[in-house]
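Fair warning: this is a prediction, and the values are worked out from it, not measured in the lab. Lettering follows sequence order; numbering is per chain, from 1.
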There are 2 protein chains.
Amino acid sequence: MTTNEIAALLLNTPASVTDMLKKLSAKELINYQPYKGARLTEQGYKHATFLVRKHRLWKVFLYQSLNIPWEAVQEIAEELEHINSELLIDHLDSFLGFPKFDPHGDPIPNAQGKYTLRAQSLLSDLSPGKQGLIIGVKDQQLSFLQYLDEKGIGIGKTVTTIKHDPYDQSMIISMDQKEINLSGKAAGLIFIKSL
Amino acid sequence: MTTNEIAALLLNTPASVTDMLKKLSAKELINYQPYKGARLTEQGYKHATFLVRKHRLWKVFLYQSLNIPWEAVQEIAEELEHINSELLIDHLDSFLGFPKFDPHGDPIPNAQGKYTLRAQSLLSDLSPGKQGLIIGVKDQQLSFLQYLDEKGIGIGKTVTTIKHDPYDQSMIISMDQKEINLSGKAAGLIFIKSL
DNA sequence: ATTATAATTTAGACTAATCTAAAATAATCA
DNA sequence: TGATTATTTTAGATTAGTCTAAATTATAAT
């Protein structure tokens, strides 16, 4: 990623990002060469993985145990993920039953930092007549998640492609004995396991 | 509390505490007059109560749900308590079954900020032959909690006073069919409900 | 291959939170 | 009650994280 992209993502200026890169470099979490970009070191990768682990485990907890609505989960998890205690996270993991995926279908690194892989394809590639199990989403913007909620689409649902429009890629799928229209854009953001 | 005492507690210098008092005063959380001390405003009291609520609910969660050992609970709870979301805390409260007391026996304010009161006395005041139920401790220093752990003393245990030494106030109590020696100091830090 | 444009970094300023040392105020005691 | 001591506050320095504007470097276009 470029300095500007990071800045846009963090809602900071590129100048601030440059400072951060220098600091991360001093801590040996990244290898950084001015104007050339940066790359995580092994140590940095471990830090990042632990952060991902914390974030996704908290998401599972907030959503599954506390029943906190979608809209609020992301924001709270971003605060919780900064609490630094391996003990806490390992106990949380155990409490939750060592989940392998978070409520968006994203894989959760285990205590050793290993991700569970699984075969996945896009709903947009599911041929007419075929069945698929929804296992995740690619985009976690609120507007998209709400769009899915409205249509009743969620992780764990089984869908069948009825029709795939060759012109605009929009799809008609069946789910829960109902037919649903889906834009090509949306279908390309939904991960499925074909059945 | 004095400026110096606050400083000692926070492990900061008195100069820093003065700065904090001025800032809290600017936010109208305390009424502060230089050299005269400070007092919480109504708004400040509400903030403080919410902080206590957060802290104690997290403690219940860490201890009861996650089985995190004593020694670690306090430190983690101090980080968690700074996450500011009423939604989160109210859901956590509900998840935990709206507990009224934390694992040390300290009362937890409800969503309206009300504490549950209960009659309590000190173990040191329990006359020989009388029974009491341990419901809390007054001091939460690690060393004291470990001292209690070693003797098997904890919240929910029923004890009977056998003997009370008039000279050094030390006590012999019976618990779980065993006799236990307790210093006068310790007995004065244990809350009981007499039975 | 030069030049123009875009991306990135540097320099310097600002704020917030802390500190030390000095000054001001309050409390204590002879 | 006046002097001494303790407490508290102020003043000024330091560090970390951010910003804007200017300078530098890389990329793209003619």
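- Atom P of nucleotide D:dG17 and atom CD1 of A:Ile6 are separated by 16 Å, given to the nearest angstrom.
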(request) Treat primed atoms plus P, OP1 and OP2 as sugar-phosphate and everything else as base, then score nucleotides 23-29 of chain D 5' to 3': B for base contact with protein heavy atoms under 4.0 Å, S for sugar-phosphate contact only, - for none. (result) -BSS---

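- Side-chain polar atoms of A:Gln74 and A:Lys59 form a donor-acceptor pair below 3.5 angstrom.
- A centroid separation of less than 6.0 Å is found between the aromatic rings of B:His104 and B:Trp70.
- For A:Lys22 and C:dT9, the shortest distance from a side-chain N or O to OP1 or OP2 is not below 4.0 Å.
- Atom CG of B:Leu21 is separated from atom C1' of D:dT7 by 13 Å (rounded to the nearest Å).
- When side chains are defined from C-beta on, A:Ile76 counts as touching A:Leu80, because their heavy atoms get closer than 4.5 Å.
- Of the candidate nucleotides D:dA16, D:dC19, C:dC19, D:dC19 has the atom lying nearest to any side-chain atom of A:Asp19.
- Under 4.0 angstrom from either OP1 or OP2 of C:dC19 there lies at least one side-chain N or O belonging to B:Thr13.
- When the P atom of D:dT18 is taken as reference, atom CG of A:Leu10 falls 9 Å away, rounded to whole Å.
- The terminal axes of the helix from C:dA1-D:dT30 to C:dA30-D:dT1, fitted over 5 pairs per end, subtend an angle of 0° to the nearest 10°.
- Under a 3.5 Å cut-off, the side chain of A:Lys54 and the backbone N or O of A:Glu81 do form a donor-acceptor pair.
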Name every donor-acceptor pair, under 3.5 Å, that has one atom in a side chain of residues 112-126 of chain A and the other anywhere in the protein, sequence neighbours excluded.
unit_1: A:Arg118; atom_1: NH2; unit_2: A:Gly105; atom_2: O; d: 3.0
unit_1: A:Arg118; atom_1: NH2; unit_2: A:Ile135; atom_2: O; d: 2.9

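- Between B:Tyr32 atom OH and D:dT7 atom C1' the separation is 12 Å, expressed in whole Å.
- A close approach under 4.0 Å does occur between a side-chain nitrogen or oxygen of B:Asn4 and OP1 or OP2 of D:dT8.
- Here the P atom of nucleotide D:dT9 and the NZ atom of B:Lys23 are 14 Å apart, to the nearest Å.
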(request) With side-chain hydrogen bond (donor to acceptor under 3.5 Å, both in side chains) as the test, would you mind laying out the steps for B:Ser170 and B:Asp168 before giving the verdict? (result) CA-CA 5 Å; B:Ser170 74; B:Asp168 69 358; 3.0 Å; yes

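- No donor-acceptor pair closer than 3.5 Å links the side chain of B:Ser94 to the backbone N or O of B:Asp90.
- A salt bridge links B:Arg53 with B:Asp93; the closest basic N to acidic carboxylate O contact falls under 4.0 Å.
- One atom, NZ of A:Lys27, and another, C1' of D:dA16, lie 11 Å apart when rounded to the nearest Å.
- The residue B:Thr3 sits close only to the backbone: its heavy atoms come under 4.0 Å of sugar-phosphate atoms, none of a base.
- Each of D:dA16, D:dT20, D:dT10 was ranked by its minimum atom distance to the side chain of A:Ala15; first place goes to D:dT20.
- Distances shown here put a side-chain N or O of A:Ser16 below 4.0 Å from the OP1 or OP2 atom of D:dC19.
- Relative orientation of the A:Phe61 and B:Trp58 rings is tilted, given thresholds of 30° and 60° on the angle between their planes.
- If you check every strand for non-hydrogen atoms under 4.0 Å, A:Asn12 touches sugar and phosphate atoms only.
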